[in-house]
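The block underneath contains the structure these notes are about, expressed in structure tokens.
Letters A, B, ... are given to chains in the order of the sequence lines, protein chains preceding strands, and every chain is numbered from 1. Since the structure is predicted, the reported quantities are computational estimates derived from the model, not experimental observations.
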Amino acid sequence: MPKYVIVGGSAGGIGAVEAIREVDPVGTITMISEEPSPQYSRPMISDYLSGEATLVKMKYRDDRFWEKNKVQALTARKAVGVNLTSKYVELDEGDRVGFEKLLIATGGKPFVPKMEGREKDGVFTFTDLSNAETLAAKVERGKRAVVIGGGLIGVSVTEALVKRGVKVTIVELKDRILNLILDAAASEIVEKVMRQAGVTIVTGQTVQRIEGRRDNDGAVVGVLLTNGEEIPCDLVVIAIGVIPRTELAVGTEIKMNRGILVDRFMRTSVADVYACGDVAEAYDFISERNSLLPLWPVAQLGGRVAGYNMAGKKTEYPGGTVMSALKYFDIPIISAGIAVSEESNGYDVLVDHHPARNLYKKIALKDDVIVGMTFVGDIEKAGIIFHLMKKHVHVRDFKEGLISENFGLVTIPAPLRKKLFMMGD
Amino acid sequence: MGCGLCEVFCIAQHSKSKDLIKAYKKEHPRPLSRVRVEVDRPLSFSVQCRHCEDPPCVIACLSGAMHLDEETGLVIHDADKCMGCWTCVMVCPYGTIRVDVSGKVVAKCDLCQGFDVPACVANCPNEALVYQEVTP
């Protein structure tokens with residue numbers, strides 16, 4: 001019986017393997033993944049679609065990763081159930097894999113609303129490599145696509161399609177794109193550059209029906225918006241969001257909210273069972289509550305912490321938060337913590353905005369502690385601000401300088417610089 | 001004293017020719033300095049990657065380009081694998097990972113691998129930069 005069983009071989013599962021092996025070089029590990037070769041970078045699927053990344057470039061870890069870490073990799077296999085009393089995972093075809101410690105790192109799946117026509121030929125989701133490969137095979141210069149959802153996935157797939165010569169209309173239900181991670185001023189800059197790249201942005205609408213050809217194959221011919229407008233297209237990408245793949249935990253005593261609840265050691269409510277990544281609801285260091293954070297770096301970190309704890313090295317999870325770095329349409333953006341903050345809702349807001357040059361900096365404070373940050377265009381010092389935010393540093397004495405051109409480690413008061421950054425003078 | 005020579009020699013070191021004059025006159029775009037001089041008079045200093053033991057940039061890297069070199073313990077960036085997502089820029093406490101001149105990948109200090117002493121240290125006229133191992 002393997003000592004450690006990990007369900008899921010992406011960011012979280014890989015992070016866990018690396019951490020376990022730092023502590024326990026010999027304990028047996030079995031990893032179960034539905035994908036044939038899960039050790040690739042999912043965030044890079046848009047670069048694959050655009051043609052900028054090859055399958056080789058996409059390797060997050062090399063193909064010998066499992067072997068080098070002495071992991072029994074059960075790839076292209078599906079975990080269909082878990083028995084927490086007898087401590088085993090049930091696989092497709094009825095096999096059982098017993099465990100001493102279990103990590104559920106099953107990730108998320110695309111949310112597809114009950115939309116008429118969603119089964120038509122030419123409708124795609126976009127979260128894993130197989131989605132990207134299927135879509136890439138259908139893409140041709142001059143085709144028209146409708147992307148439903150103006151979040152991170154929607155914008156990334158839009159950019160990739162534009163690079164492939166596809167004419168894209170992006171449809172967002174709210175009044176602006178990227179509304180969960182950017183405020184209005186930052187969204188506006190992105191919308192401007194997207195329009196300049198030829199993208200049509202429709203906001204305040206969604207698709208009520210996907211229309212297909214009446215004749216033989218039912219191929220997509222367009223979408224019908226809620227306002228009755230029709231947009232002809234050849235491809236539809238549903239990019240509304242991801243939801244946790246909690247199926248393994250459903251019906252067990254593992255406590256769940258929207259995702260599997262874990263404590264600061266990535267433990268679920270059941271002994272010896274851990275969870276991390278998109279499937280888990282773990283600690284958020286800004287809201288100071290558990291929340292869903294379906295983000296690659298958060299998954300990798302959660303996986304590492306889970307791995308250490310599974311192997312007996314007690315390690316506290318520092319927490320994640322909403323944190324996004326965007327590269328799309330040649331505008332670098334970093335946004336983390338509370339993105340939409342106004343003085344009217346009790347935040348102290350520092351802003352430096354040059355819309356004509358696509359430059360924007362905003363820092364939100366609550367009681368002189370940074371709780372949100374957005375950097376558009378010039379992102380070099382964003383990491384220093386992120387660190388101050390993560391450490392909940394009181395910045396009253398130097399907050400005016402935080403968005404100045406000259407801001408840096410040098411403008412942080414010496415005692416704090418020494419303590420936080422281990423830099424003397 | 002904020003002379004900026006560390007930046008100048010870093011640029012030369014990371015140029016194709018490794019020659020100061022050629023790097024400045026002939027190479028377009030000119031390579032990016034991996035060190036940054038910060039000045040707030042009377043204080044000034046040079047900042048570059050600290051090569052953290054538990055590097056946030058490596059954990060956060062979306063592509064696997066940023067990694068800890070097993071032999072040297074240095075935080076090394078493989079530009080061929082970099083997807084230019086800027087996640088490492090977001091999580092570097094020191095702000096020492098920079099968007100490279102191409103705008104497509106990041107650039108960072110590699111401690112001038114293959115040389116005994118990094119170029120910034122070797123050419124610091126005031127011996128303000130020293131090269132030593134520190135334990136946190």
Side-chain angles (χ1 to χ4, degrees), chain A residues 11 14-15 18 39-44 46-47 52-53 56-62 65 295-298 300-301 303-304 323-327 330 332-336 373 375 378-388 390-391 401 406-412 414 420-423 425, chain B residues 2 32-33 36-50 52-54 56-68 70 78-100 102-108 128 130 134-136:
Chain A
I14 289 171
E18 289 173 338
Q39 63 279 5
Y40 66 92
S41 167
R42 285 200 183 194
M44 230 194 261
S46 60
D47 286 2
E52 286 166 307
V56 171
K57 182 174 175 176
M58 287 178 80
K59 297 289 176 193
Y60 177 64
R61 295 292 185 262
D62 70 58
F65 174 80
L295 302 162
W296 185 273
V298 174
Q300 152 78 218
L301 179 62
R304 284 183 75 77
M323 46 190 277
S324 313
L326 287 79
K327 61 167 186 159
D330 295 324
I333 298 178
I334 285 174
S335 187
M373 51 179 279
F375 284 65
D378 176 10
I379 59 171
E380 183 162 320
K381 309 286 177 61
I384 305 174
I385 300 290
F386 185 78
H387 193 60
L388 295 172
K390 194 172 154 189
K391 296 289 178 189
N406 190 41
F407 170 77
L409 297 171
V410 77
T411 59
I412 292 172
L420 267 183
F421 301 97
M422 292 178 299
M423 290 175 82
D425 289 342
Chain B
L32 187 75
S33 172
R36 178 180 67 241
V37 174
E38 292 193 3
V39 183
D40 189 28
R41 295 282 175 216
L43 184 63
S44 64
F45 50 67
S46 163
V47 194
Q48 59 289 93
C49 171
R50 319 312 286 171
C52 304
E53 240 171 70
D54 205 5
C57 58
V58 172
I59 293 171
C61 178
L62 302 190
S63 70
M66 198 71 80
H67 60 281
L68 260 180
E70 280 170 27
D78 178 353
D80 291 336
K81 275 199 73 65
C82 182
M83 63 182 285
C85 68
W86 322 133
T87 307
C88 54
V89 178
M90 170 165 63
V91 301
C92 174
Y94 304 93
T96 58
I97 305 175
R98 315 182 83 174
V99 176
D100 206 352
S102 67
K104 302 284 182 202
V105 294
V106 297
K108 69 177 286 297
V130 290
V134 287
T135 13

Test item: A:Pro297 and B:Leu62 side chains (from C-beta on) under 4.5 Å apart, heavy atoms: yes
Proximal component of A:Ile334, with respect to chain B [non-hydrogen, under 4.5 Å]: side chain
Between B:Cys92, B:Ser63, B:Ser44, B:Ala60, the one whose heavy-atom pairs under 4.5 Å with chain A are most numerous: B:Ser63
Proximal component of B:Cys88, with respect to chain A [non-hydrogen, under 4.5 Å]: neither
Region of A:Asp62 in contact with chain B, defined by heavy-atom distances below 4.5 Å: neither
From CA spacing to verdict: side-chain contact (heavy atoms from CB on, under 4.5 Å), B:Met90, A:Ile385: CA-CA 9 Å; B:Met90 170 165 63; A:Ile385 300 290; over 6 Å; no
Segment of B:Asp80 engaging chain A (4.5 angstrom heavy-atom cut-off): backbone
Non-hydrogen atoms of A:Val410 and B:Glu38 that approach each other most closely: N-OE1, 2.6 Å
Part of A:Lys57 within contact of chain B (heavy atom distance under 4.5 Å): both
Least distance between heavy atoms, B:Trp86 atom then A:Ile333 atom: CD1-N, 4.4 Å
Chain B contacts, top residue of A:Ser41, A:Gly15, A:Ala382 (heavy-atom pairs, under 4.5 Å): A:Ser41
A:Ile14 portion near chain B, given a 4.5 angstrom heavy-atom threshold: neither
Flag side-chain contact, heavy atom, 4.5 Å: B:Lys81 against A:Lys59: yes
Heavy-atom pair with the smallest gap, counting every atom of A:Ala325 and B:Cys85: CB-O, 3.1 Å
B:Val99 portion near chain A, given a 4.5 angstrom heavy-atom threshold: side chain
Portion of A:Val298 that has a non-hydrogen atom of chain B nearer than 4.5 angstrom: neither
Contacting moiety of B:Cys61, where chain A heavy atoms sit under 4.5 Å: backbone
Interface moiety of A:Met323 toward chain B, non-hydrogen atoms closer than 4.5 Å: both
